[in-house]
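The figures here come from the full heavy-atom set of this structure, side chains too, leaving out hydrogens, waters and symmetry mates.
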Amino acid sequence: MSVSLRPFLPADGPPLARLFRESVEILAEDDYSEAQRVAWSSAADDLPRFIERLAQSLTLVAARDGAMAGFASLAGDRIDMLYVHPEHAGQGVATALVDALERLASARNLPALTTDASDTARDFFAARGYVAMQRNSVSLHGEWLANTTMKKQLTPAGATR
Ligand SMILES: CC(C)(COP(=O)(O)OP(=O)(O)OC[C@H]1O[C@@H](n2cnc3c(N)ncnc32)[C@H](O)[C@@H]1OP(=O)(O)O)[C@@H](O)C(=O)NCCC(=O)NCCS
């Protein structure tokens, strides 16, 4: 089944907030405690702020067979958010989203992309050529969550690979 991508619209906010919570709750289960996942998913509690964060970035929404399957956002030269619905995990949704963000970043002549990768996403980014730069510990609602800043050099658009 193929993945289709489209730009984010403000009306996507509520369903994407639900998708975000379910993604964190289920897909990050092996890497973060229940308390850590609750703290992480609280980023969607303030819905207007969540929508604003996505609207201010270059945000793409992925669908599979008409169902919302995931989303990703590019803020400057940083992949800010990347979340896939558990029912669509392991089907290439994140690959399609990050492929598209990398192409857009290359077209904007960005030399590199960074991301603060969760421990759940770290192998995914490493397999795409992102290199670990530093380990971080982020305080969220009294919980400490670890992530890794990773960086990938991009090939300029039009250059031969
Ligand atoms: C990480 C995440 C985005 C991956 O999404 P996905 O759509 O399942 O990824 P894909 O299907 O495109 O996977 C592509 C490749 O990465 C691998 N991969 C994906 N998630 C992985 C994981 N947690 N551990 C190891 N490998 C993983 C897949 O096996 C696949 O490899 P293959 O091409 O050899 O088969 C998803 O698990 C998720 O939303 N996690 C919870 C939220 C999160 O941590 N977001 C990142 C914040 S920085």
Side-chain angles (χ1 to χ4, degrees), residues 3 5 7-8 12-13 16-17 19-46 49-62 69-86 88-157 159 161:
V3 178
L5 303 180
F8 168 81
D12 296 324
L16 290 189
L19 187 157
F20 167 77
R21 287 201 190 87
E22 288 176 44
S23 177
V24 170
E25 177 56 29
I26 294 170
L27 297 179
E29 196 174 10
D30 289 347
D31 305 296
Y32 297 89
S33 70
E34 176 70 29
Q36 287 174 316
R37 283 178 282 127
V38 168
W40 183 355
S41 56
S42 71
D45 288 354
D46 183 341
R49 194 168 166 192
F50 181 79
I51 292 172
E52 180 78 359
R53 181 172 171 184
L54 295 178
Q56 286 191 344
S57 304
L58 196 171
T59 301
L60 298 176
V61 178
F71 68 98
S73 66
L74 181 67
D77 63 357
R78 191 169 60 88
I79 296 178
D80 183 32
M81 302 186 94
L82 171 65
Y83 293 88
V84 171
H85 191 281
H88 300 278
Q91 308 292 319
V93 174
T95 298
L97 285 162
V98 176
D99 275 350
L101 290 187
E102 288 177 1
R103 277 198 304 274
L104 288 163
S106 290
R108 291 177 169 188
N109 291 319
L110 293 176
L113 279 184
T114 63
T115 193
D116 288 344
S118 71
D119 289 353
T120 310
R122 190 175 162 156
D123 288 349
F124 166 82
F125 281 110
R128 299 185 60 90
Y130 288 74
V131 176
M133 308 296 286
Q134 69 177 45
R135 193 84 174 129
N136 311 301
S137 210
V138 181
S139 175
L140 273 178
H141 299 279
E143 292 289 326
W144 288 93
L145 282 82
N147 66 37
T148 305
T149 301
M150 302 181 82
K151 184 171 187 175
K152 179 178 181 175
Q153 302 297 331
L154 297 176
T155 308
R161 285 172 190 267

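Residues satisfying the side chain to side chain contact (heavy atoms under 4.5 Å, CB included) criterion with Leu110, sequence neighbours excluded, are Asp77, Ala105, Arg108, Leu113, Leu154. Residues satisfying the side chain to side chain contact (heavy atoms under 4.5 Å, CB included) criterion with Glu25, sequence neighbours excluded, are Glu34, Arg37. Annotation: ring-ring contact (aromatic ring centres under 6.0 Å, His included) contacts of Tyr32 (sequence neighbours excluded): Trp40. With sequence neighbours excluded, the residues satisfying side chain to side chain contact (heavy atoms under 4.5 Å, CB included) with Ala43 are Phe20, Arg53.
Rounding to the nearest 0.5 angstrom, the gap separating the OG atom in Ser139 from the CH2 atom in Trp144 is 4.5 Å. Rounding to the nearest 0.5 Å places OG of Ser73 at 6.0 Å from CE of Met81. Separating the OG1 atom in Thr115 from the CD1 atom in Ile79 is a distance of 5.0 Å, to the nearest 0.5 Å. To the nearest 0.5 Å, the span separating OG on Ser118 from CD on Gln36 amounts to 11.5 Å. Between the CG atom of Leu145 and the OG atom of Ser33 there is a distance of 7.5 Å, given to the nearest 0.5 Å.
With a 4.5 Å cut-off on side-chain heavy atoms, Asp116 and Asn136 count as touching. Side-chain atoms of Phe50 and Leu16, non-hydrogen and from C-beta on, do get closer than 4.5 Å to each other. Two residues are said to be in side-chain contact when any heavy atoms from C-beta on lie closer than 4.5 Å; Phe8 and Leu60 fail this criterion. Using a 4.5 Å cut-off on side-chain heavy atoms (C-beta onward), Thr114 and Met133 make no contact. Between Val98 and Leu82, the closest side-chain pair of non-hydrogen atoms falls below 4.5 Å.
Within the structure, salt bridge (Lys or Arg N to Asp or Glu O under 4.0 Å) pairs that include any residue of residues 138-156 comprise Glu102-Lys152 (at least two apart or interchain).
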Could you pull out every donor-acceptor pair under 3.5 Å between side chains of residues 119-127 and any protein atom, sequence neighbours left out?
{"from": "Asp119", "atom 1": "OD1", "to": "Arg135", "atom 2": "NH1", "distance (Å)": "2.8"}
{"from": "Asp119", "atom 1": "OD1", "to": "Arg135", "atom 2": "NH2", "distance (Å)": "3.4"}
{"from": "Asp119", "atom 1": "OD2", "to": "Arg135", "atom 2": "NH2", "distance (Å)": "3.2"}
{"from": "Thr120", "atom 1": "OG1", "to": "Asp31", "atom 2": "OD2", "distance (Å)": "2.8"}
{"from": "Arg122", "atom 1": "NH1", "to": "Thr148", "atom 2": "OG1", "distance (Å)": "3.2"}

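The two residues Tyr130 and Met150 have their closest heavy-atom pair at O-CE, 3.4 Å. Scanning both residues, Asp45 and Ser41, for their nearest heavy atoms gives OD1-O, 4.0 Å. Annotation for Ala44 and Ala17: closest pair CB-CB, 4.0 Å, computed over non-hydrogen atoms.
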Exercise for review: Please step through side chain to side chain contact (heavy atoms under 4.5 Å, CB included) for the pair Gln153 and Val131, ending with a clear verdict.
Suggested key: CA-CA 9 Å; Gln153 302 297 331; Val131 176; over 6 Å; no
